[in-house]
Visitor: 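Quick one: the structure is below, and I'll ask about it shortly.
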4 protein chains.
Amino acid sequence: MPTPTPADKFTFGLWTVGWQGRDPFGDATRPALDPVETVHRLAELGAHGVTFHDDDLIPFGSSDAERDAIVKRFRTALDATGLKVPMATTNLFTHPVFKDGAFTANDRDVRRYALRKTIRNIDLAAELGATTYVAWGGREGAEHGAAKDVRVALDRLKEAFDLLGEYVEEQGYDLRFAIEPKPNEPRGDILLPTVGHALAFIGSLERPERVGLNPEVGHEQMAGLNFAHGIAQALWHGKLFHIDLNGQSGIKYDQDLRFGAGDLRSAFWLVDLLESAGYDGPRHFDFKPPRTEDFEGVWASAAACMSNYLMLREKALAFRADPAVQEALRASRLDELARPTAGDGLAALLADRGAFEEFDVDAAAARGMAFEQLDQLAMEHLLGVR
Amino acid sequence: MPTPTPADKFTFGLWTVGWQGRDPFGDATRPALDPVETVHRLAELGAHGVTFHDDDLIPFGSSDAERDAIVKRFRTALDATGLKVPMATTNLFTHPVFKDGAFTANDRDVRRYALRKTIRNIDLAAELGATTYVAWGGREGAEHGAAKDVRVALDRLKEAFDLLGEYVEEQGYDLRFAIEPKPNEPRGDILLPTVGHALAFIGSLERPERVGLNPEVGHEQMAGLNFAHGIAQALWHGKLFHIDLNGQSGIKYDQDLRFGAGDLRSAFWLVDLLESAGYDGPRHFDFKPPRTEDFEGVWASAAACMSNYLMLREKALAFRADPAVQEALRASRLDELARPTAGDGLAALLADRGAFEEFDVDAAAARGMAFEQLDQLAMEHLLGVR
Amino acid sequence: MPTPTPADKFTFGLWTVGWQGRDPFGDATRPALDPVETVHRLAELGAHGVTFHDDDLIPFGSSDAERDAIVKRFRTALDATGLKVPMATTNLFTHPVFKDGAFTANDRDVRRYALRKTIRNIDLAAELGATTYVAWGGREGAEHGAAKDVRVALDRLKEAFDLLGEYVEEQGYDLRFAIEPKPNEPRGDILLPTVGHALAFIGSLERPERVGLNPEVGHEQMAGLNFAHGIAQALWHGKLFHIDLNGQSGIKYDQDLRFGAGDLRSAFWLVDLLESAGYDGPRHFDFKPPRTEDFEGVWASAAACMSNYLMLREKALAFRADPAVQEALRASRLDELARPTAGDGLAALLADRGAFEEFDVDAAAARGMAFEQLDQLAMEHLLGVR
Amino acid sequence: MPTPTPADKFTFGLWTVGWQGRDPFGDATRPALDPVETVHRLAELGAHGVTFHDDDLIPFGSSDAERDAIVKRFRTALDATGLKVPMATTNLFTHPVFKDGAFTANDRDVRRYALRKTIRNIDLAAELGATTYVAWGGREGAEHGAAKDVRVALDRLKEAFDLLGEYVEEQGYDLRFAIEPKPNEPRGDILLPTVGHALAFIGSLERPERVGLNPEVGHEQMAGLNFAHGIAQALWHGKLFHIDLNGQSGIKYDQDLRFGAGDLRSAFWLVDLLESAGYDGPRHFDFKPPRTEDFEGVWASAAACMSNYLMLREKALAFRADPAVQEALRASRLDELARPTAGDGLAALLADRGAFEEFDVDAAAARGMAFEQLDQLAMEHLLGVR
């Protein structure tokens with residue numbers, strides 16, 4: 001079984017292993033975890049880093065003195081273990097003040113408060129060396145048709161990211177934002193529901209180069225979308241700044257299973273893509289150990305996230321290196337897809353009678369694509385029988 | 001019951017009322033409709049225009065002489081009725097040659113053929129006065145992880161739209177492209193699966209101003225997305241070039257019900273948005289009269305698409321004009337959402353102790369949003385009891 | 001606007017209007033409601049009754065003395081208002097002891113505890129005059145393939161219902177059980193996920209006549225199923241013992257919107273069915289006022305559940321009474337569906353050459369069903385324009 | 001790689017490998033396959049049998065003489081190869097006469113025709129030695145609320161199965177019926193949409209012992225249901241008469257992928273269940289080779305269905321035999337689930353203070369279930385690293 005090391009860049013949110021198991025129908029099944037203990041345990045398991053929402057580390061409403069003490073103690077643990085903080089984020093959803101959103105709450109004072117809360121944690125993120133600041137707008141949405149004017153709300157959302165970008169630039173922080181889309185839950189419909197919507201939104205910002213994505217496996221799958229396809233498009237736009245790895249069993253509530261659980265074949269294609277594309281950011285696990293588990297199960301689950309990634313990576317590399325696969329890719333004409341369609345230019349295409357007037361449509365239609373053979377090779381690599 | 005007139009800009013695809021009822025498990029239940037008859041019937045019903053895929057009007061493989069005769073006869077019907085052709089599109093999915101896609105088929109010759117087939121119909125579209133050219137890439141997708149390199153396929157898709165844009169510009173056509181997203185069916189996963197993905201893609205083209213969207217009600221609902229929210233974002237980006245109206249009952253196969261059927265409340269909010277936003281393009285129905293129906297049912301169904309739109313428009317206007325609604329919107333603080341969050345600038349926000357240090361979070365959290373009362377007013381308008 | 005009266009048999013769970021707004025990502029937005037206040041407010045609004053889980057009324061862990069005092073005070077409120085308690089149920093999901101289920105928990109002692117907790121509340125239910133005891137097995141399920149042997153778990157579930165039936169019979173209570181199916185949430189997959197699975201299960205019990213269903217709108221819609229169809233099958237089996245009315249916007253997390261919100265047309269067909277079928281049990285609202293709302297919104301929301309039902313009832317009755325509808329039903333041959341297919345018996349059918357050898361298949365295939373015209377009449381009734 | 005033999009009981013429908021690739025948006029991509037060739041090819045690949053709809057073998061509308069000649073030729077191929085016909089079924093969906101259903105069509109003459117068409121093929125099924133007769137009611141459903149009175153339609157459906165049962169009994173055929181549920185497609189909603197609904201319906205028939213289920217992987221997954229759970233319940237009721245194996249990628253149109261594609265982990269748990277439960281019926285593949293494929297792809301795909309089953313079977317057996325797994329199952333208390341909850345009887349349970357009054361709820365709640373460790377062992381077996 002492969003063993004993770006910090007070089008694998010595996011990171012975990014404090015809120016993941018620290019999830020106490022409160023769900024819409026049940027109370028906590030586990031006590032709170034001390035963030036310092038988390039740091040030590042993750043380091044022992046081979047993780048590279050840890051991430052947090054402000055309130056994960058510093059309880060909501062702490063005084064400045066309490067806050068300083070907490071940060072100091074946390075830093076000591078980081079220094080002792082070598083664990084990094086590559087990313088941080090803001091909790092803009094737990095407190096009831098955010099019940100109608102944060103950056104797009106109808107109440108202006110709530111929006112201002114949300115911005116200030118975010119800025120405060122951006123300072124801490126920068127101080128701890130984070131280079132990515134994630135923004136999940138889980139409460140930016142609606143359940144009622146007239147209760148949110150979406151175009152106006154997008155104005156407010158743009159205003160927020162433009163202001164935060166201005167702040168980070170003024171401070172000279174080496175920090176980029178990563179928007180995390182989600183289609184629904186906890187709101188009936190959330191703004192920027194998919195990777196695509198967030199990518200489009202970023203193009204409208206004042207500092208688009210400073211803003212990218214933090215897609216999450218389960219969130220796209222909650223809309224029935226192919227996660228690897230979404231990541232491919234994000235990469236194509238140069239916007240995969242960070243990634244949240246977990247598992248989901250189809251279109252239903254947000255499950256946050258450990259990575260590999262849920263749709264295993266999709267996880268294989270994701271790892272294949274990340275490794276092929278040379279993605280070099282953190283492999284961040286945003287999962288929830290099921291509330292049936294005690295702490296032994298929590299740590300087993302965290303370890304399994306990493307070992308599943310490593311096993312899939314080995315298989316993906318072996319798949320790509322297998323001569324039979326390479327031949328199958330040629331049989332499926334992936335090489336032809338890589339050739340420009342009309343490198344000869346528009347005029348030449350229009351003049352090419354072989355392209356249309358004399359094109360043998362039926363002969364072309366009869367060619368098999370050999371996709372099933374190719375896909376079965378992937379299956380055999382995944383199952384470890386090849 | 002309101003009666004449609006050409007001023008309402010209702011348009012229908014030839015393939016909608018002309019659908020013969022072939023589905024994955026059954027043969028045609030209706031004979032083919034003559035496009036000329038369709039033009040006359042739609043005109044009688046009060047439609048503004050008609051649209052088509054090349055092969056709807058001119059059977060695949062027709063000679064140039066046959067083609068000319070067909071176009072001439074079709075024009076005569078248009079002239080006789082006053083019906084317009086505001087939009088046309090290409091069939092790049094029925095013939096087996098497109099089984100692996102058109103602009104992103106792995107086979108380069110298929111891609112060249114698809115471009116030429118499209119260009120040929122663009123000429124006809126321009127000739128008939130269309131100003132929008134729709135591109136639905138229904139076969140651009142995959143069922144197998146390795147069979148389509150999505151990043152490379154997006155390169156090919158960009159190449160196609162850049163070439164088509166070049167062609168239209170060279171010809172001096174007054175024609176814009178409208179991409180129609182769909183998450184799946186007939187492919188397992190389709191490229192540009194949602195409004196968001198297509199919006200993002202457009203931003204990467206050589207002539208982004210010439211390309212917008214043609215979103216379809218059912219397609220977004222097949223991904224469980226809020227259609228009115230997606231349209232609002234498309235409008236926000238200035239990209240709602242055209243729209244396909246129909247009905248869908250949740251996440252399942254593509255149903256293409258008549259407009260109003262399926263999610264009625266969503267249809268209400270859509271009409272409310274289109275009318276509030278001053279969308280002035282065609283209200284294009286892309287539906288399929290169920291295969292249980294004969295032609296009487298087909299035309300009843302087409303008429304119902306229009307009358308449902310008109311009834312919802314009346315209700316939406318009455319909703320917005322109702323003083324009780326206006327008061328409810330204020331109670332829900334929609335006016336506050338329209339105020340900039342930090343019109344006073346970043347420095348002022350940072351210096352504002354009332355925004356954070358002295359903000360009474362709990363008092364703010366206790367304020368009710370009054371959304372249920374507002375939503376119930378909309379319900380009463382929709383049900384015609386107010 | 002129609003006004004509800006106790007004769008309409010509208011009932012509400014204490015946990016509905018009393019929901020404090022805790023969701024997977026957020027804390028309570030409303031304080032707790034005193035059950036006695038709820039009783040008075042519901043009575044004022046025109047409700048017929050109130051229902052509860054044991055822990056809604058009597059906090060988990062209360063002493064017998066506390067319990068008695070609470071029940072006495074509750075009874076006084078019931079007596080003062082005339083509100084009934086037609087149904088009660090057990091909370092077998094909130095406390096962490098039920099994290100792996102109650103009647104099907106792997107731990108035998110948890111199962112025994114769950115049975116005793118249920119029996120205790122059955123006594124109270126009977127004492128308060130309830131005639132239906134609901135069983136929602138929200139935690140009876142799994143997220144892991146090997147963690148629950150479903151066949152064995154069904155043995156345990158059967159054992160539980162057989163025991164409870166034995167108890168109720170021994171006590172001579174006039175009480176029937178109603179199983180409430182749900183496909184998932186809070187478990188990844190729940191046992192007896194739909195109306196169908198629960199109906200089948202009931203057939204295997206020792207006292208099938210004492211057990212029926214309590215289907216919930218949103219639960220079936222979370223599986224994409226047609227709720228009115230499911231209720232029709234439950235009625236067909238004589239098993240609609242109780243019903244949970246609410247709203248849901250498609251396949252996603254459990255939304256518990258007010259009745260009418262979500263899929264409005266489905267709500268119309270449901271009311272049409274309940275009224276046509278002469279269902280005479282409670283119309284029980286199991287909804288959650290959105291956490292954006294304060295108590296004014298809570299009560300507005302509760303009132304809207306009832307008025308939406310009443311408005312839909314008026315429309316359904318008008319629809320059925322409309323001569324144009326009756327003619328459309330005949331045009332769609334609903335009367336023919338009501339005739340036995342082979343009232344003449346098997347031998348006659350086999351001998352009938354007109355049924356097969358001489359049947360004109362193509363002529364029969366050409367007959368239109370006139371469903372669109374019929375459905376549009378329903379739309380016009382629903383929209384209040386007819 | 002394991003090699004299939006007839007002892008593995010793999011069977012294929014003529015319509016699976018013979019699917020020509022017509023889909024809602026595209027024409028056939030492959031020519032028709034001669035059933036005799038199919039028989040020979042399947043035999044070479046190691047299959048046990050072949051199944052068919054009447055019209056797959058004998059074109060709709062064939063004369064008696066044509067029919068006899070076809071059957072004779074087919075029999076010869078069966079005899080030559082040793083392939084069995086363990087199951088047959090009726091096509092009650094392709095011809096437009098069935099556009100509103102077959103056994104539940106509103107038109108009585110269509111219903112009578114459907115019964116006769118079925119009976120005719122039952123004779124052939126019996127003649128060819130089939131012991132299972134599948135009934136997929138794909139057109140028994142509706143898209144319009146008032147167009148189908150579901151309770152009345154269920155009466156007709158019951159009438160049909162009672163009549164067919166009477167016929168089979170009279171003829172003395174050794175033949176059982178297997179109902180195949182599906183939630184939707186081609187109808188908006190289909191009657192008996194899930195395994196559960198069909199199980200319940202069977203309980204209402206005159207000869208319930210003669211009717212069971214033929215569940216299909218993708219059909220249950222189209223409703224987001226856990227297929228292995230559904231099969232477990234079917235087995236629990238003694239009603240798994242036959243099974244349709246294929247793959248599906250979540251809630252969307254019916255994909256009919258090869259077995260193993262789609263949700264691989266679910267396929268593993270299914271095979272584990274079938275083998276543990278001693279299911280000894282056919283492993284019937286009801287899949288569609290993607291329309292991108294030529295015949296080479298078709299046969300590769302058919303072979304892959306079988307080898308995927310065999311690989312998963314080996315892994316499932318190894319999983320169950322692994323001592324670490326057996327220990328993990330005990331750690332998760334599967335053995336306790338197998339113990340009756342109250343083998344001591346109701347009175348003893350009521351008298352047991354340890355079960356309630358003195359039960360240490362919090363201590364019980366603190367016990368971890370160790371499910372993640374167990375599930376990860378399954379993952380490692382599946383990935384072939386253990």
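No hydrogens, no waters, no symmetry mates; every other heavy atom, side chains included, goes into these values. Throughout, a chain's letter reflects where its sequence line sits, starting with A, and its residues are numbered from 1. Note that the structure is predicted; figures quoted are calculated from it, not measured.
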Visitor: Hey, what do you get for CZ (R187(C)) to OG1 (T292(A)), rounding to the nearest 0.5 Å?
Guide: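 The OG1 atom of T292(A) is 6.0 Å from CZ of R187(C), to the nearest 0.5 Å.
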Visitor: If you take all heavy atoms of G188(C) and K252(A), which pair is closest and at what distance?
Guide: O-NZ, 2.8 Å
Visitor: Rounded to the nearest 0.5 Å, what separation is found between the CD atom of E143(A) and the CZ atom of R291(C)?
Guide: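 Answer rounded to 0.5 Å: 9.5 Å.
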Visitor: So which of D254(C), I251(C), N91(C), L257(C) has the biggest tally of heavy-atom pairs under 4.5 Å with chain A?
Guide: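 So the answer, after comparing D254(C), I251(C), N91(C), L257(C), is I251(C).
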Visitor: Please classify the contact of W136(A) with chain C as side chain, backbone, both or neither, using a heavy-atom distance under 4.5 Å.
Guide: side chain
Visitor: Report which part of Q255(A) has an atom under 4.5 Å of a heavy atom belonging to chain C: side chain, backbone, both, or neither.
Guide: side chain
Visitor: Can you tell which part of A28(A) gets under 4.5 Å to a heavy atom of chain C, answering side chain, backbone, both or neither?
Guide: backbone
Visitor: Please determine if D23(C) and R139(A) form a salt bridge, counting it only when a charged side-chain N lies under 4.0 Å from a carboxylate O.
Guide: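 Yes, this pair counts.
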Visitor: Take a 6.0 Å sphere around CZ of R22(A) and say whether it holds more than 12 heavy atoms from other residues, nucleotides or ligands.
Guide: no
Visitor: Just give me the residue among V97(C), D100(C), T94(C), D189(C) that pairs up with chain A most often, heavy atom to heavy atom, under 4.5 Å.
Guide: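 Option with the top pair count is T94(C).
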Visitor: Could you grab the distance from atom OG of S249(C) to atom CG of N184(A), nearest 0.5 Å is fine?
Guide: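 It is 9.5 Å, given to the nearest 0.5 Å.
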Visitor: Would you name the heavy atoms of F25(A) and P186(C) that are closest together and state the gap between them?
Guide: CD1-CD, 3.7 Å
Visitor: Is any side-chain N of the basic residue among K99(C) and D294(A) closer than 4.0 Å to the acidic one's carboxylate O?
Guide: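 Looking at D294(A) together with K99(C), the answer is no, because their closest N to O distance does not fall below 4.0 Å.
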Visitor: Tell me, side chain or backbone of P290(C) under 4.5 Å from chain A's heavy atoms, or both, or neither?
Guide: side chain
Visitor: With a 4.5 angstrom heavy-atom cut-off, which part of W15(C) approaches chain A: side chain, backbone, both or neither?
Guide: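 For W15(C), neither part sits under 4.5 Å from chain A.
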